[in-house]
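If you read the sequence from its start, that first residue is 1, and numbering goes on from there. Below, each value reflects all heavy atoms present in this structure, side chains not excepted, and no hydrogens, waters or symmetry copies.
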Amino acid sequence: MAGKESSGQYSAETAVSGVDGTIYSRDDLTINGTGSLAVSAVYQHGIVCNDNLAITGGHLTINAVQDGIHAHDSVRIRDAALSITAGDDGITVSNDDETAFLYVESGEISIPACYEGLEAIDITIAGGTIDIRPTDDGINANGSGAGSVIRIMDGDITIINPTGRDADGLDSNGSIYIEGGTVFISVTDSGGNSAIDYGSENGGECIVSGGSVIACGGSAMAEGFHEESPQGFLMYSASAAADTRVSLKDALGAELLSWEVPCSFSSVVISAPDMKTGDVCTIEIGDVQEQVTIDNVSSSGFRPAGMFGGGMKGGRGYDPGGGRTGRQRQPVFWRAE
């Protein structure tokens, strides 16, 4: 694909029996180089791979009536720019033995329209810039139990869903681990939407050990991080309109983290690097602010009128040099099959 522009079209009229994508591979498929590829599928999927798909370069623009990318065993992405508009999932990896995984090492992934953004059993993001605008879940580890994992090690991730009903930003049927990077999530405060949802009923856990997180959504089913997370966090009720600015400042007034949240919300989970038990921070939501000490028992929050009310929990923070460190995993782009 080096130095060239290519395009492909797929429709009911051009469909071949057993082939359900504009680009279709019955075996492994690698897309690389520095050129551009435009894929249009007005019948089914954009790119389909029955085994392992690797995208290691180039600029791909995919428009598909169903999935933008659909693979059976794995999708691995590095040094590529992807723009995907899909009627169903942006990128999905699915197989019967629940070994399907998605690995993003670097590059840019923009999914401005989709049902769900990224979906697989095991999802690891080790870098890159990812922007997802779904109508349902943003990133979904959809296995049958504890084997479902979302792991964010680095990168800049933004998930915005202003229209979803019973939608989640990060959704794992098992566990969620945030170890680095920046994660901004905004799902509207309606219909049971939750910024973070993990499978505690399946033995899963939700741990933050690094990175910057602002996750805003509804409060009805809101979930935060486990209290023994190595990095401290705050979870609290905070009813606010769309485009309200959320900010976290340290004891000296220096801003640690902020975001103008696009959707209305009633629950906020926020965590910044090196937050730990005993730290004094100031939370600002719009024109209202409150000073809190990070622990696992503080309780406060903001009511719609801007008055302080019930609902805040301060997550217990542990020194990054101690606590739970055994879960960290180094990125491996080529996984043994």
(message) Do Leu82 and Ile111 land in one hydrophobic cluster if side-chain heavy atoms of ILVMFWY residues count as linked below 4.5 Å?
(response) yes
(request) Identify the two heavy atoms, one from Gly46 and one from Ala64, that lie closest to each other, and give their separation to 0.1 Å. (result) N-CB, 3.6 Å
(request) Determine yes or no for a side-chain-to-main-chain donor-acceptor pair under 3.5 angstrom, with Ser266 supplying the side chain and Ser239 the backbone. (result) no
(request) Please report the closest heavy-atom contact between Ala167 and Thr135, naming both atoms and the distance. (result) CB-O, 4.1 Å
(message) Count I, L, V, M, F, W, Y as connected when their side-chain heavy atoms are under 4.5 Å apart, and connections chain through other members. Are Val93 and Ile109 then in the same cluster?
(response) yes
(request) Kindly indicate, with the supporting measurements, whether the criterion side chain to side chain contact (heavy atoms under 4.5 Å, CB included) is fulfilled by Met275 and Leu248. (result) CA-CA 11 Å; Met275 284 177 63; Leu248 179 69; 3.6 Å; yes
(message) Within this structure, what is the CG-OH distance for the pair Asn50 and Tyr24, rounded to the nearest 0.5 Å?
(response) 4.0 Å
(message) Could you check whether any side-chain N or O of Asn193 sits under 3.5 Å from a backbone N or O of Asp166, counting only pairs where one atom can act as donor and the other as acceptor?
(response) yes
(request) Answer yes or no: is there a side-chain heavy-atom contact under 4.5 Å between Ile159 and Ile139? (result) yes
(message) Which heavy atom of Phe225 sits nearest to which heavy atom of Ile207, and what is that distance?
(response) CD2-C, 4.0 Å
(request) Report yes or no: do Thr56 and Asp79 form a side-chain donor-acceptor pair below 3.5 Å? (result) no
(request) Measure from the side-chain N and O atoms of His226 to the backbone N and O of Glu228, and report whether any donor-acceptor pair falls under 3.5 Å. (result) yes
(message) Quick one: does any side-chain atom of Asp137 pair with a main-chain N or O of Gly169 as donor and acceptor, under 3.5 Å?
(response) no
(request) With sequence neighbours left out, write down each residue that passes salt bridge (Lys or Arg N to Asp or Glu O under 4.0 Å) with Glu255, or none if nothing qualifies. (result) Arg245
(message) What's the separation between atom OG1 in Thr129 and atom CD in Glu108, rounded to the nearest 0.5 Å?
(response) 5.5 Å
(request) Indicate yes or no: at least one non-hydrogen side-chain atom of Leu29 is less than 4.5 angstrom from one of Ile47. (result) yes
(request) Report whether Tyr115 and Leu118 are members of the same hydrophobic cluster (ILVMFWY, side-chain heavy atoms less than 4.5 Å apart, transitive linking). (result) no
(message) For a quick test of reading the model, state the closest non-hydrogen atom pair linking Gly68 to Ile62 and the distance between them.
(response) O-CG2, 3.6 Å
(message) Any donor-acceptor pair under 3.5 Å linking the side-chain atoms of Thr244 with those of Glu260?
(response) no
(message) Side chains of Val149 and Ile123, heavy atoms from C-beta outward: is any pair under 4.5 Å?
(response) no
(request) Ignoring hydrogens and angles, state whether a donor on the side chain of Asn173 or Tyr198 is under 3.5 Å from an acceptor on the partner side chain. (result) no
(message) Using a 3.5 Å distance criterion without hydrogens, assess whether the side chain of Asp67 forms a donor-acceptor pair with backbone atoms of His70.
(response) no
(message) Using 0.5 Å steps for rounding, measure from the CZ atom of Arg133 to the OG atom of Ser186.
(response) 9.5 Å
(request) Check whether any side-chain heavy atom of Asp156 lies under 4.5 Å from a side-chain heavy atom of Thr158, and answer yes or no. (result) no
(request) Return yes if some donor-acceptor pair links the side-chain N/O of Thr124 with the main-chain N/O of Tyr103 below 3.5 Å, else return no. (result) no
(message) Does either side chain, that of Ser25 or that of Asp27, offer a donor lying less than 3.5 Å from an acceptor on the other one?
(response) no
(request) Please determine, by modelled atom types, if Tyr177 and Glu205 share a side-chain donor-acceptor pair under 3.5 angstrom. (result) yes
(message) For the CD atom of Glu223 and the CG atom of Leu170, what is their distance to the nearest 0.5 Å?
(response) 11.5 Å
(request) Identify whether Val65 and Leu60 are in the same connected component of the hydrophobic contact network (ILVMFWY, side-chain heavy atoms under 4.5 Å). (result) no
(message) Could you check whether atom CG of Asp287 has more than 12 heavy atoms from other residues, nucleotides or ligands sitting under 6.0 Å from it?
(response) no
(message) Would you say that Asp28 contacts Thr30 through its side chain, given a criterion of any heavy-atom pair below 4.5 Å between the two side chains?
(response) no
(request) Give the intermediate values and the outcome of side chain to side chain contact (heavy atoms under 4.5 Å, CB included) for residues Thr182 and Ile157. (result) CA-CA 6 Å; Thr182 300; Ile157 300 166; over 6 Å; no
(message) Strictly distance-based, threshold 3.5 Å: is any side-chain N or O of Ser194 a donor or acceptor partner for the main-chain N or O of Asp197?
(response) no
(request) Let me see the working for Asp97 and Thr99 under side-chain hydrogen bond (donor to acceptor under 3.5 Å, both in side chains), right down to the final yes or no. (result) CA-CA 6 Å; Asp97 57 4; Thr99 59; 3.0 Å; yes
(message) Please find the pair of heavy atoms, one from Val268 and one from Cys216, that lie closest to each other, and give the distance.
(response) CG2-SG, 3.9 Å
(message) Quick one, Arg76 with Glu105, criterion salt bridge (charged side-chain N to carboxylate O under 4.0 Å, His left out). Give me CA distance, side-chain angles, the key distance, then yes/no.
(response) CA-CA 8 Å; Arg76 289 163 285 187; Glu105 183 177 274; over 6 Å; no
(request) Enter the distance from Ser247:OG to Ile283:CD1 here, rounded to the nearest 0.5 Å. (result) 7.5 Å
(message) To check you understand the geometry: which heavy-atom pair defines the closest contact between Ile69 and Val75, and what is its length?
(response) CG2-CG2, 4.2 Å
(request) Determine, stepwise, if the pair Thr188 / Asn161 fulfils side chain to side chain contact (heavy atoms under 4.5 Å, CB included). (result) CA-CA 6 Å; Thr188 188; Asn161 185 344; 5.6 Å; no
(request) Indicate whether any N or O donor in one side chain lies under 3.5 Å from an N or O acceptor in the other, for Ser110 and Asp131. (result) no
(request) Keeping to residues at least two apart or across chains, list the side chain to side chain donor-acceptor pair (under 3.5 Å) pairs with something in residues 80-93. (result) Thr92-Glu119
(message) When you compare the side chain of Cys49 with that of His72, does any pair of heavy atoms fall below 4.5 Å?
(response) no
(request) Test side chain to side chain contact (heavy atoms under 4.5 Å, CB included) on Asp250 and Asp279 and set out the steps. (result) CA-CA 8 Å; Asp250 65 17; Asp279 286 352; over 6 Å; no
(request) Find the distance between SG (Cys206) and CD1 (Ile196) and round it off to the nearest 0.5 Å. (result) 5.0 Å
(message) Looking only at the side chains, is there a donor atom on one of Ser271 and Gln231 sitting less than 3.5 Å from an acceptor on the other?
(response) yes
(request) Answer yes or no: is there a side-chain heavy-atom contact under 4.5 Å between Thr61 and Leu37? (result) no
(request) Verify the cluster assignment for Val213 and Ile185: are they in a single hydrophobic cluster under the rule of side-chain heavy atoms below 4.5 Å apart? (result) yes
(message) What I'd like to find out is whether the side chain of Ile77 reaches to under 4.5 Å of the side chain of Ile91, using heavy atoms alone.
(response) yes
(message) Under a 3.5 Å threshold, yes or no: a donor from one side chain and an acceptor from the other, between Ser267 and Ser219?
(response) no
